[in-house]
Structures are given as structure tokens and as C-alpha cells.
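For reference, the structure discussed in these notes is given below.
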Amino acid sequence: MKRETIEQLKNTASITVLTGAGISAESGVPTFRGDNGLWKNFKAEELATPQAFIRDPSIVWEWYDLRRRLLKNIKPNTGHFAISEIERCIKDFLLITQNVDGLHGLAGNKNIIELHGNIWRVRCVSNCGTRVNKEVPLKDIPPYCDCGSLIRPDIVWFGEMLDEADLRKAYNGIRQCDTFLVVGTSGLVQPAASFPIMAKDIGAYVIEVNIEATTITPFSDEFIRGKAGEILPLLADIIAGR
Ligand code: BJW
Ligand code: ZN
């Protein structure tokens, strides 16, 4: 690690973190892309769209049901816990996650934006309400609401708008931070992929942790190659003054 990065982490007053599927990989959650991406046979770009859901809600629900079954007993790993320790050390802290697995909350983080939704939340397509449903496996696929409309996962699919309040809060966090930490994302999905670049433009120190270089790497002040579960505890140690 560069001396400059260590100094930055020791002295930082505000940190915004962006995470992707890579941080949950060591908990056993498959990533979306790349050689180890278990979903290679199921393309997110094909299943995670409103068009796919209209065409065949059962196929889309089968995919989410499979993922919910896989996630049911999964636990946060040392990477998640390190980020929750960083939040306890830094008052001005924001975590923006693209993950829908809820593991950051289980690890103890409080100020979280779940940019792409949460796999345990569902909503009626007629917008008659959002609710939590942890039924695994689902009894009926696709599930229907009492009002007769289909129920869908409360997830942001390709071509759908992100929640406006979430986006506003994310942009504020990007504007205000002096350190921007990006972990385990391929940087291929917008608008999240542009957050580190925006942070860099505004003057933040950008640190990237990933097992391989990404589209974000050229914009990083330091790229730390390695597993999130191994690198993040080291960063948390520095921030905590150990
Ligand atoms: C490790 C590791 C370890 C592994 N340690 N690292 C501008 C330009 C071009 C296109 C667009 C644009 N603006 C919008 C678009 C369209 C689209 C888009 O981005 N398309 C691209 C594919 C080109 N974006 C949208 O539609 C978004 N909506 C939007 O922008 O609305 C406005 C708008 C609409 C229409 C037109 C224009 C504007 C919505 C995006 C929603 C994404 N949803 C998904 C699926 C739903 C969630 C779910 O079912 O789970 O979210 S897609 C999928 O990708 C999922 C993820 O959150 C997301 C990001 O993936 P992530 O996390 O980066 O995972 P991977 O697998 O790609 O990478 C894992 C990484 O971990 C790798 O780098 C590994 O190396 C690393 N790793 N183990 C550390 N142990
Ligand atoms: Zn309804």
C-alpha cells in the first residue's frame, strides 16, 4: 500500500464507500460477471429487466427464488464487518451498495443506500405497497397480490430509474467525502460505475479494492489487488489507528 494511502486513511474525516457483488463473494454469493460469476448461465441483462418480467414472470421469479434460497443462510464476512467498523470510526460516513443481499445491514452498517433494492422486499406491480417477504422457497411462482396483480421483487432492473431520494443522497455523499472507497464491482453498470469517477473529479482520494483491474482502476489513486475479506480489515485497522 502507498504511504500516501496510509496517511489519507489516518487523517480522513469523511468516507463514502461503494460496494458490488465482489464483497459478498467470500460469503458464498455468486457474482454476476467474470470467470467466477456463477450467473454466467443466467445473464442479468436478460433476466433483470421489466420486459423479461412482462414476457415471463415465472422465469424471472424462478431466478430470484433460486437466489433467495441460496442467500437464506448466508452470513456477512470479514469484508462486511470491516466496513461496519469503518462506519463506527468515521462520523461522516455513507455506504452505497449495489448488492441486494442485505449483508451490510447484518454486519452492522447503519447509513446504507441499497441502490438496486433488496431481494427480500417485494411489491405489487399496481404499487399498492411494498412488503418484506422471506418465504423460501416461494409457495406460488409467480406470486400474486390480494388485489389480483402480480408481485415483483423490489429491485431496480435494467432500464428502470433508481430511487430519486437514494440518488440524491448518494450524490451528496460523493460530493462531501474526502476518501472514496470502491470494493468488488466491475464498474459496468450505470450510474454506479460513474460514482468513483465523479468523486475523483471533485477531489476525493479514490481507493479501489478488487481481485482484478476494472473500468474504475485508471481513475483510482490506489488500486489494491486482493480479496475484500483480506484487504478491508487492514484498511479498517489503519483508520481505527491500530
Ligand atoms: C471481488 C472478489 C473478492 C470478485 N474481493 N472483489 C449510461 C451508459 C450506458 C448504459 C446506461 C447508462 N445509464 C443507464 C444505462 C443502462 C443500464 C446500464 O448500466 N447498462 C450497462 C450494462 C451498459 N443501467 C440501468 O438501466 C440503470 N438504470 C438507470 O440508469 O436508469 C436511468 C436510465 C434508464 C434507461 C436508460 C438510460 C438511463 C439500472 C441498473 C440496475 C442494475 N441491476 C442489477 C440487477 C438487479 C439486481 C439483482 O437482481 O441482483 O444489479 S444488474 C447487476 O449488476 C446487479 C448489480 O448490482 C450490478 C453491478 O454488478 P457488480 O456488483 O459490479 O458485479 P459484477 O459481477 O459485475 O462484478 C463483481 C466484481 O467483484 C468483479 O470486478 C470481480 O473482480 C470482483 N470480485 N470476488 C474483491 N473476493
Ligand atoms: Zn396489489
Side-chain angles (χ1 to χ4, degrees), residues 18-40 42-53 60-61 63-68 70-71 77-80 82-83 96-102 113-131 143-164 166-167 170 181-197 208-217 223-233:
L18 171 68
T19 62
I23 193 165
S24 295
E26 289 158 78
S27 289
V29 183
T31 59
F32 289 90
R33 302 170 185 84
D35 288 345
N36 301 322
L38 242 195
W39 301 128
K40 257 197 309 189
F42 302 81
K43 282 208 163 50
E45 288 79 353
E46 281 163 22
L47 282 176
T49 69
Q51 292 80 5
F53 190 71
V60 174
W61 261 118
W63 187 51
Y64 281 100
D65 189 52
L66 179 67
R67 292 173 58 199
R68 284 158 60 108
L70 193 80
L71 286 171
N77 64 57
T78 47
H80 296 103
I83 294 182
I96 307 165
T97 187
Q98 298 170 82
N99 300 343
V100 298
D101 55 30
I113 297 173
E114 290 182 320
L115 207 61
H116 294 162
N118 185 298
I119 201 160
W120 301 111
R121 263 191 341 248
V122 301
R123 65 182 158 87
C124 168
V125 295
S126 302
N127 276 329
C128 69
T130 304
R131 59 210 87 155
Y144 280 89
C145 179
D146 292 342
C147 79
S149 300
L150 276 167
I151 295 264
R152 59 165 280 177
D154 191 23
I155 280 189
V156 183
W157 286 330
F158 282 113
E160 294 187 313
M161 299 304 283
L162 283 76
D163 181 84
E164 236 177 84
D166 282 350
L167 266 184
L181 175 61
V182 48
V183 184
T185 178
S186 57
L188 293 172
V189 174
Q190 298 291 351
S194 63
F195 292 174
I197 300 162
E208 181 184 26
V209 178
N210 200 306
I211 52 171
E212 57 187 37
T214 70
T215 61
I216 295 159
T217 310
F223 168 61
I224 308 176
R225 188 187 295 271
K227 290 186 173 176
E230 291 167 10
I231 305 293
L232 293 176

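First listed ligand is number 1; within each ligand, the first listed atom is number 1.
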Checklist entry - Which atoms from ligand 1 have a heavy atom of Ala25 less than 4.0 Å away? => result 78 (N)

Next on the checklist: If you measure every N or O of Trp157 against every N or O of ligand 1, does any of those distances drop under 3.5 Å?
Outcome noted: no

Item to check | Arg33 and ligand 1 - part of the residue with a heavy-atom distance under 4.0 Å | outcome: both

Next on the checklist: So, regarding Trp63 and ligand 1 (criterion: nitrogen or oxygen to nitrogen or oxygen, under 3.5 Å), is there a contact or not?
Outcome noted: no

Next on the checklist: For ligand 1, which is the ligand I care about here, please tell me if Gly184 has any N or O atom under 3.5 Å from one of the ligand's N or O atoms.
Outcome noted: yes

Item to check | Ile151 to Phe53 - nearest heavy-atom pair and separation | outcome: O-CZ, 3.5 Å

Next on the checklist: When you compare the side chain of Pro196 with that of Glu208, does any pair of heavy atoms fall below 4.5 Å?
Outcome noted: no

Item to check | Nitrogen or oxygen of Pro191 less than 3.5 angstrom from that of ligand 1 | outcome: no

Next on the checklist: Show the atoms of ligand 1 that are less than 4.0 angstrom away from any heavy atom in Leu162.
Outcome noted: 27 (C), 28 (N), 29 (C), 39 (C)

Item to check | Minimum non-hydrogen distance to atom 9 (C) of ligand 1, winning option of Gln190, Glu114, Glu230, Gln98 | outcome: Gln190

Checklist outcome for this item: Tested for side-chain contact (heavy atoms from CB on, under 4.5 Å) against Ile23, the lone hit among Asn99, Asp101, Thr185 is Asn99

Checklist entry - Which atoms of ligand 1 have any heavy atom of Gly20 under 4.0 Å away? => result 62 (O)

Checklist entry - Which of the atoms of ligand 1 are close to Val189, meaning less than 4.0 Å from one of its heavy atoms? => result 19 (O), 40 (C), 42 (C), 54 (O), 58 (C), 59 (C)

Item to check | Counterpart residues, side chain to side chain donor-acceptor pair (under 3.5 Å), relative to Glu212 (two or more places apart) | outcome: none

Checklist entry - Hey, are the side chains of Leu115 and Phe195 touching, using non-hydrogen atoms and a 4.5 Å cut-off? => result yes

Checklist entry - Side-chain contact, heavy-atom cut-off 4.5 Å: Ile155 with Arg121? => result no

Next on the checklist: Could you tell me if the side chain of Cys147 sits less than 4.5 Å from the side chain of Cys124, heavy atoms only?
Outcome noted: yes

Item to check | Ligand-residue contact atoms, ligand 1 with Arg67, heavy atoms, under 4.0 Å | outcome: 48 (C), 49 (O), 50 (O)

Next on the checklist: For atom 79 (C) of ligand 1, which of the options Gly229, Ser186, Ala228 provides the nearest non-hydrogen atom?
Outcome noted: Ala228

Checklist entry - Quick one: does Asp154's side chain get under 4.5 Å of Asn118's, heavy atoms only? => result no

Checklist entry - For Ala21, is at least one N or O under 3.5 Å away from an N or O on ligand 1? => result yes

Item to check | Neighbour count >12 (heavy atoms, 6.0 Å) for atom CD, Gln190 | outcome: yes

Checklist entry - Of the backbone atoms (N, CA, C, O) and the side-chain heavy atoms from C-beta on, which set of Ile155 has a member under 4.0 Å from an atom of ligand 1: side chain, backbone, both, or neither? => result side chain

Next on the checklist: Quick check on contacts: which atoms of ligand 1 are under 4.0 angstrom from a heavy atom of Glu160?
Outcome noted: 27 (C), 28 (N), 29 (C), 31 (O), 39 (C)

Item to check | Side chains of Val189 and Phe158 in contact at under 4.5 Å (non-hydrogen atoms) | outcome: yes

Checklist entry - Hey, are the side chains of Pro30 and Arg67 touching, using non-hydrogen atoms and a 4.5 Å cut-off? => result no

Item to check | Shortest heavy-atom approach to atom 42 (C) of ligand 1 - which of His116, Met161, Arg225, Glu208 | outcome: His116

Item to check | Which of the ligand 1 atoms, numbered from 1, are nearer than 4.0 Å to a heavy atom of Glu212 | outcome: 75 (O)

Next on the checklist: With a 4.5 Å cut-off on side-chain heavy atoms, are Phe32 and Leu188 touching?
Outcome noted: no

Checklist outcome for this item: Between the OG1 atom in Thr217 and the CZ atom in Arg225, the distance rounded to the nearest 0.5 Å is 8.0 Å

Next on the checklist: If you compare all heavy atoms of Ala170 against all heavy atoms of Ile96, which two are closest, and at what distance to 0.1 Å?
Outcome noted: CB-CD1, 3.8 Å

Checklist entry - Taking non-hydrogen atoms only, is Ile211 closer than 4.0 angstrom to ligand 1 via side chain, backbone, both or neither? => result both

Checklist entry - What pair of heavy atoms forms the shortest contact from Ile119 to Arg68, and how long is it? => result O-NH1, 2.9 Å

Checklist entry - How many protein N, O or S atoms are found at a distance of less than 2.8 Å from the Zn ion (ligand 2)? => result 4

Checklist entry - Looking only at distance, does Lys227 have an N or O less than 3.5 Å from an N or O of ligand 1? => result no

Checklist entry - Just which atoms of ligand 1 are under 4.0 Å from any heavy atom in Glu26? => result 3 (C), 5 (N), 80 (N)

Checklist entry - When you look for heavy atoms under 4.0 Å from ligand 1, do you find them on the side chain of Val183, its backbone, both, or neither? => result neither

Item to check | Nearest heavy atoms of Ala228 and Val209, plus distance in Å | outcome: CA-CG1, 4.2 Å

